[in-house]
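Residue numbers begin at 1 in each chain, while the letters A, B, ... track the order of the sequences.
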Amino acid sequence: MYKDLNLEIDIGGVKLKNPVMTASGTFGAGKEYSEFIDLNQLGAVVVKGIATNPWIGNPPPRIAETYGGMLNAIGLQNLGVEHFINEDIPYLRKYDTKIVVNVIGKTMKEYCEVVERLSDQDVDLIELNISCPNIKEGGVNFGTNCNSVEDVTREVKKYAKQPVIVKLSPNVTDIVEIAKAAESGGADALSLINTITGMVIDINKRKPILANITGGLSGPAIKPIGVRMVYEVHKKVKLPIVGMGGIMNGDDAIEYILAGATGVAVGTANFVNPRATIDVLEGIVNYCNKYGIKDLSEIRGIV
Amino acid sequence: MCNDNKRAKLESYILENGEISPGIFKMVVASNRMESIAKAGQFVNLYCREGSRLLPRPISICEIDKENNTLTFVYGVVGKGTEEFSKIKAGEYIELLGPLGNGYNIDEEIDEHIIVGGGLGVPPLLELIKHLKGRKKVYLGFRSDSYLIEDFEKHGVQVLIATDDGSEGIKGTVLDLLKKDKARGKMVYACGPKPMLKAVADWAKDEKILAQLSLEERMGCGIGTCVGCVVRIKDGDTWDYKKVCVDGPVFFSEEVVWDV
């Protein structure tokens with residue numbers, strides 16, 4: 001199927017066999033989806049956010065469907081970095097795919113501790129999550145201010161042995177300024193976008209559906225925002241971009257690549273169809289075959 | 001699309017889909033061998049066709065027919081997704097993924113069973129009673145109109161009914177029914193709204209009877225990855241959020257830490 005087609009991409013010096021990745025928080029650490037797809041086919045598995053210690057997460061309800069999208073307020077429930085090292089790395093290493101660890105923290109120190117703990121571990125890339133809208137401390141609080149984006153990126157880079165992708169929040173006035181701040185801090189690549197803060201009210205109960213009141217909006221509803229932000233950042237920043245937000249199929253992924261994305265991550269679509277990542281990959285291949293594209297660099301950022 | 005021996009959503013042929021009580025529908029599907037591994041208390045993800053409705057609707061399995069290779073779902077129209085399902089005609093197809101979750105724990109040694117259902121929690125208990133050996137009695141609570149009663153009675157079990165408005169059975173809750181009947185047995189199996197489950201759990205505790213409860217929470221993926229559908233489950237001296245979709249939906253009542 002991939003004859004004469006080079007899908008390989010480079011993120012901070014790490015070669016991925018194809019641009020299809022998973023969006024953090026929608027794919028666990030891959031185990032559940034291995035029942036549905038061959039993980040060997042993915043460019044990379046981006047695992048759910050990992051902190052120094054286990055986090056309990058937010059009270060339920062944590063999920064609310066919206067028109068063409070969904071809100072989540074999971075609150076980064078996770079079992080901590082030691083569990084990840086002992087259980088998830090050995091599991092994922094059985095597959096021929098890259099491991100990207102989404103790193104979360106409440107403080108600068110916590111981000112650095114996770115990254116340092118992972119520095120001698122067999123993982124390929126770090127994704128610095130400074131954009132989760134569902135926690136009270138850390139997360140998006142780091143990601144919406146240029147100074148803190150630059151500071152946390154620079155600090156984490158001191159401890160990181162793997163290249164660092166900084167995952168940006170769309171909940172900002174100017175995404176380009178934030179992207180530049182991450183670049184100044186020494187980011188090797190950027191992921192965008194994380195979810196957009198939203199809210200749904202149950203009109204019968206007259207209260208928010210989510211216990212957290214607000215949550216992060218994802219899914220097809222946010223795709224135009226993601227594409228626009230990738231487009232803007234690609235024009236001004238040299239770093240490779242992992243584009244995400246509402247990618248449901250190959251055409252959506254191509255849109256992000258045309259806007260300038262090097263890699264693409266599939267998130268909410270995994271909940272709609274557990275085989276979505278493979279469908280996206282096949283869709284990219286079909287598009288390339290249709291237009292005689294031999295390498296995605298031919299179309300990357302040409303819009 | 002599935003060509004590598006992996007699980008996938010399956011297009012399933014709908015043999016029957018119609019209203020059996022106001023707002024309550026029964027759908028029978030040719031279940032593509034799902035029935036061969038399905039157990040009482042498990043659920044199936046039903047997917048909407050309308051693209052603006054992304055998330056699967058987790059619907060409990062009402063009946064498993066291994067001879068005719070079908071699954072039956074009895075569901076209430078509670079939102080746009082289930083409204084869409086209610087309009088699908090026999091002869092059309094629906095995308096399904098399942099069976100999902102863990103069913104009820106069936107211990108062959110136990111010979112006296114108390115089955116308690118409320119509202120939309122009634123359907124999965126119908127499959128359950130077929131697998132319970134010994135003495136069994138069914139206690140069902142409804143707002144007004146009951147449904148599936150004859151289907152239960154077909155299996156030779158006694159069914160007692162409570163309705164909020166007293167239109168059928170006693171006027172009151174299923175708890176009133178349990179108390180009035182001085183229900184006795186060695187295991188309780190319950191499915192229904194959270195306040196009912198809490199009340200059943202409290203009652204079972206007082207009566208020193210073990211209880212299995214099928215819990216519900218707003219669900220995302222149904223396969224354990226989104227970590228949306230959590231409930232508080234005891235973990236030593238403390239508790240942890242466990243997932244209804246893969247750790248449940250059935251939990252023993254003594255494990256559950258209530259938030260109602």
Side-chain angles (χ1 to χ4, degrees), chain A residues 22 25-41 47-49 54-79 209-211 215 218-221 246 248 267-276 278-279 282, chain B residues 1-11 45-58 78-82 95-98 100 194 215-233 235 238-248 257 259-260:
Chain A
T22 62
T26 66
F27 209 75
K31 212 173 262 180
E32 292 86 357
Y33 284 97
S34 67
E35 282 187 49
F36 296 93
I37 63 163
D38 177 8
L39 298 179
N40 293 305
Q41 292 196 54
V47 304
K48 183 164 168 59
W55 287 11
I56 189 90
N58 288 327
R62 293 174 166 185
I63 300 270
E65 191 180 65
T66 63
Y67 196 91
M70 64 177 280
L71 288 180
N72 89 80
I74 310 300
L76 297 172
Q77 181 174 342
N78 79 100
L79 294 168
I209 288 181
L210 298 175
S218 64
M248 304 297 283
T268 300
N270 291 306
F271 304 152
V272 184
N273 172 14
R275 292 176 59 84
I278 302 306
D279 290 353
E282 288 173 358
Chain B
M1 286 300 288
C2 191
N3 50 12
D4 49 12
N5 292 321
K6 297 283 183 183
R7 294 183 80 179
K9 293 200 284 188
L10 296 170
E11 287 275 344
N45 272 353
L46 278 66
Y47 295 82
C48 296
R49 295 177 189 170
E50 163 53 48
S52 69
R53 292 192 273 276
L54 298 175
L55 297 176
R57 271 55 178 172
V78 293
K80 296 230 167 63
T82 42
E95 275 194 318
L96 305 179
L97 176 66
L100 301 171
K194 215 188 250 181
L215 302 184
E216 225 181 1
E217 187 48 70
R218 277 178 184 270
M219 205 174 269
C221 63
I223 58 171
T225 56
C226 77
V227 203
C229 59
V230 294
V231 288
R232 293 198 236 172
I233 298 296
D235 180 16
T238 175
W239 55 268
D240 200 4
Y241 280 129
K242 295 284 180 195
K243 304 164 196 169
V244 168
C245 66
V246 291
D247 299 316
V257 179
D259 55 6
V260 286

Side chain, backbone, both or neither: which part of [X] has a heavy atom under 4.5 Å from chain B?
X	value
A:Pro54	neither
A:Thr66	backbone
A:Gln77	side chain
A:Pro61	both
A:Asn58	backbone
A:Lys31	neither

Atom of A:Pro60, atom of B:Glu217 and distance for their closest heavy-atom approach:
CB-CD, 3.6 Å
Quick one: does B:Thr225's side chain get under 4.5 Å of A:Thr26's, heavy atoms only?
no
With a 3.5 Å distance limit and no angle check, can you tell me whether B:Lys9 reaches the backbone of A:Val272 through a side-chain donor-acceptor pair?
yes
Which of the residues B:Val246, B:Val231, B:Val227, B:Asn45 is involved in the greatest number of heavy-atom pairs with chain A at under 4.5 angstrom?
B:Val227
Atom group of B:Glu95 that falls short of 4.5 Å from chain A, counting heavy atoms
neither
Side chain, backbone, both or neither: which part of B:Tyr241 has an atom under 4.5 Å from a heavy atom of chain A?
both
Spacing of B:Arg218 atom CZ and A:Met70 atom CE [to the nearest 0.5 Å]:
11.5 Å
